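None of these values were measured; they are calculated from a predicted model.
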Amino acid sequence: MSELTDRGKSFRTAIAGFIEARREAKLKGKEEEGDAAAKYDYGTWLADAARRVAQIQAVTHVLKATHPDARGSSLHVPPSTLPQHADIGSHVLGDDFAEDVVGNAAALDVFKFLKLEVDGRRLLDWMQAGDEDLRTALHSDADTATVWMQAFSGLVRSDTAPTSHGAAKQLYWLAYGTANEDKAYHLLQPLFSSSLAHAVHAEIQEARFGDSNKAARQAFRAKEAHEAPYRDYRNLVVRKLGGTKPQNVSQLNSERGGVNYLLASLPPQWDAEQPRKLLNLDSAMERLNWLPAVRDTVKQLADFLLSDPPSTEPTRSKRLALAKELGAQLAIYAAETQARFNPGWTRDATCILPLHQQIWLDPERVELEPRTEPELAAEDEVFVAAWEFGDWPDQVAADFANWLNARLRAAGLVGVGDVEYRHWAHQAIVDAQWPVPVQRHAPKRARA
């Protein structure tokens with residue numbers, strides 16, 4: 001019997017600790033009967049694990065993720081061995097990838113054992129390398145230890161003759177010749193890349209729930225500077241694999257609770273389509289509350305005023321700051337609308353916005369040639385005349401003030417009226433180019 005080196009003792013301690021943890025988990029709260037406890041003797045457990053490892057297989061591509069009744073081959077293909085190309089695929093994982101395991105779910109504890117790390121590498125890696133210190137730590141008999149190491153190393157293996165199954169996805173691919181030749185086709189079987197799915201799942205989970213991205217998201221919503229970028233994955237769909245028994249698909253699928261994210265695969269929403277959102281509307285202010293920054297600021301203002309703050313300078317300063325923020329958002333709303341939509345979009349027959357709001361959101365319409373139809377040409381003349389008269393910014397400011405009063409009343413502030421109306425109208429930022437003056441002569445009274 002070879003004496004254990006210090007490194008061998010590290011292997012022995014790690015393995016014994018793992019087996020003891022398994023024993024405690026299985027026998028917790030139960031009387032340790034002889035047969036049950038004996039299963040967790042060091043040598044006994046390792047011999048059983050070396051036998052059961054043949055029931056599972058390390059893979060990167062899982063067949064049962066395609067169909068639970070498929071009985072063909074799953075594959076172990078290291079990403080670094082795949083052709084490198086520009087498209088996203090398993091090859092981008094390189095050497096940093098998670099191996100999955102398929103097979104008898106009752107033997108998955110063997111995989112957890114082989115993932116145990118000593119000196120920065122898994123036991124599986126040391127066994128595949130034939131490490132002598134690990135060999136002596138496994139068993140005093142070198143031949144027995146060698147057999148066990150070979151058995152454990154067999155976790156990563158490939159079928160000598162991979163097979164498909166009727167329940168697997170298959171497609172005929174025209175490889176050469178003409179489409180009417182049966183021999184011209186290759187039968188392809190796309191396989192679910194579990195390693196890639198696990199990497200995607202980890203990235204999305206970090207973006208949704210990770211502390212660093214959470215801080216960046218909060219800074220984004222508060223419009224504050226932050227040192228890190230903010231990541232967001234929208235319109236996700238969750239595909240559950242394995243139902244109530246995700247472990248029947250694979251180990252990694254079980255770790256994800258069967259959750260596999262599908263990224264949105266949607267046609268782009270072209271900006272040219274967006275004017276529809278402002279058509280058939282009596283007021284563009286109805287869309288202001290769609291903007292997250294506006295919605296959040298209105299809530300902050302309402303909550304602050306509902307707290308009945310004292311009539312002090314700090315109170316007035318905070319109220320003014322929030323009102324100015326909303327006024328700035330009004331200008332942003334107009335600028336984004338003008339940038340997205342082609343000049344003249346308000347000529348649409350279904351645009352029923354008030355004339356002053358049409359001028360505010362579509363000012364470049366004044367530079368377009370009048371339409372040829374007499375009735376439409378008259379509408380264009382009225383538009384230009386109203387723009388030149390120049391009272392439309394004040395009317396927009398009045399609309400904004402009435403809208404904000406209505407939002408505050410809806411939040412529970414029943415006492416807002418003319419005083420607040422004049423204050424909000426004064427803070428509205430409505431850009432008007434020369435020669436149009438910004439009068440700020442909004443009607444003196446708010447609409448009820």
Report yes or no: does [X] contribute a side-chain atom to a donor-acceptor pair with the main-chain N or O of [Y] at less than 3.5 Å?
| X | Y | answer |
| --- | --- | --- |
| Ser195 | Phe97 | no |
| Ser193 | Ser90 | no |
| Asp100 | Leu252 | yes |
| Thr297 | Ala293 | yes |
| Arg217 | Arg231 | no |
| Ser73 | Thr163 | yes |
| Asn104 | Gln55 | no |
| Arg157 | Ala54 | yes |

Could [X] and [Y] be called an ion pair, given the rule that one side-chain N must be under 4.0 Å from one carboxylate O?
| X | Y | result |
| --- | --- | --- |
| Asp109 | Arg22 | yes |
| Arg347 | Glu379 | no |
| Asp131 | Arg135 | no |
| Glu99 | Arg122 | yes |
| Glu255 | Lys115 | yes |

Distance in Å, [X] [atom1] paired with [Y] [atom2], rounded so as to fall on 0.5 Å steps:
| X | Y | atom1 | atom2 | value |
| --- | --- | --- | --- | --- |
| Leu134 | Arg121 | CG | CZ | 11.0 Å |
| Trp290 | Arg295 | CH2 | CZ | 10.5 Å |
| Arg234 | Leu263 | CZ | CG | 14.0 Å |
| Leu330 | Met285 | CG | CE | 5.0 Å |
| Leu326 | Tyr333 | CG | OH | 14.0 Å |
| Ile15 | Leu123 | CD1 | CG | 5.5 Å |

Are more than 12 heavy atoms, taken from residues, nucleotides or ligands other than [X], located less than 6.0 Å from that residue's [atom1] atom?
| X | atom1 | result |
| --- | --- | --- |
| Glu227 | CD | no |
| Asp95 | CG | no |
| Glu369 | CD | no |
| Leu171 | CG | yes |

What closest approach, in Å, do [X] and [Y] show between heavy atoms, and which atom pair accounts for it?
| X | Y | value |
| --- | --- | --- |
| Gly8 | Ala137 | O-CB, 3.5 Å |
| Ala58 | Val101 | CA-CG2, 4.3 Å |
| Ala197 | Phe192 | CB-CZ, 3.5 Å |
| Phe304 | Pro309 | O-CD, 3.2 Å |
| Leu236 | Arg208 | CD1-CD, 4.4 Å |
| Asn253 | Leu241 | ND2-O, 3.0 Å |

Working note: Arg287 + Leu278, criterion side-chain contact (heavy atoms from CB on, under 4.5 Å); need CA distance, chi angles, decisive distance, verdict.
CA-CA 8 Å; Arg287 293 293 183 259; Leu278 292 171; 3.9 Å; yes

Enumerate the ring-ring contact (aromatic ring centres under 6.0 Å, His included) contacts for residues 58-90, please, sequence neighbours excluded, ordered by first and then second residue.
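Only His85-His91 qualify under ring-ring contact (aromatic ring centres under 6.0 Å, His included).
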
Do [X] and [Y] have side-chain heavy atoms sitting under 4.5 Å apart?
| X | Y | value |
| --- | --- | --- |
| Met149 | Gln128 | no |
| Leu281 | Ile352 | no |
| Leu191 | Leu75 | yes |
| Leu188 | Gln170 | no |
| Leu262 | Val238 | no |
| Lys240 | Asn260 | no |
| Leu279 | Trp345 | yes |
| Lys26 | Tyr40 | yes |

Any luck finding a side-chain donor-acceptor pair between [X] and [Y] under 3.5 Å?
| X | Y | result |
| --- | --- | --- |
| His356 | Asp391 | no |
| Asn213 | Asp232 | no |
| Glu132 | Thr5 | no |
| Ser74 | Gln57 | no |
| Arg256 | Tyr261 | no |
| Asp362 | Gln338 | no |
| Gln329 | Glu325 | yes |
| Tyr233 | Glu203 | yes |
| Thr13 | Ser10 | no |

As a quick check of understanding, evaluate side-chain hydrogen bond (donor to acceptor under 3.5 Å, both in side chains) for Ser212 and Glu206, giving each step before the final call.
CA-CA 8 Å; Ser212 60; Glu206 171 61 26; 3.2 Å; yes

May I have the step-by-step check of side-chain contact (heavy atoms from CB on, under 4.5 Å) for Arg422 and His426, ending in yes or no?
CA-CA 6 Å; Arg422 287 192 293 273; His426 186 71; over 6 Å; no

Just do the side-chain contact (heavy atoms from CB on, under 4.5 Å) check on Arg316 and Leu320 with the steps written out, would you?
CA-CA 6 Å; Arg316 288 188 290 273; Leu320 179 61; over 6 Å; no

When the aromatic ring centroids of Trp360 and Phe400 are compared, is their separation below 6.0 Å?
no

Ser164/Gln189 under side-chain hydrogen bond (donor to acceptor under 3.5 Å, both in side chains): CA gap, chis, key distance, verdict:
CA-CA 8 Å; Ser164 185; Gln189 178 188 308; 2.3 Å; yes

May I ask you to establish whether Arg7 and Trp126 are in a cation-pi arrangement, using a distance under 6.0 Å from NZ or CZ to the six-membered ring centre and at most 45° from the ring axis?
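Arg7 over Trp126 ring: yes.
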
Once salt bridge (charged side-chain N to carboxylate O under 4.0 Å, His left out) is applied, do any residues pair with Arg365, and if so which ones, sequence neighbours excluded?
Asp380

So among Ile19, Leu46, Leu124, which one has a side chain to side chain contact (heavy atoms under 4.5 Å, CB included) with Phe113?
Leu46

Please verify the inter-ring angle class for His201 with His198; under 30° counts as parallel, over 60° as perpendicular, anything in between as tilted.
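Judged by the thresholds at 30° and 60°, the geometry between His201 and His198 is parallel.
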
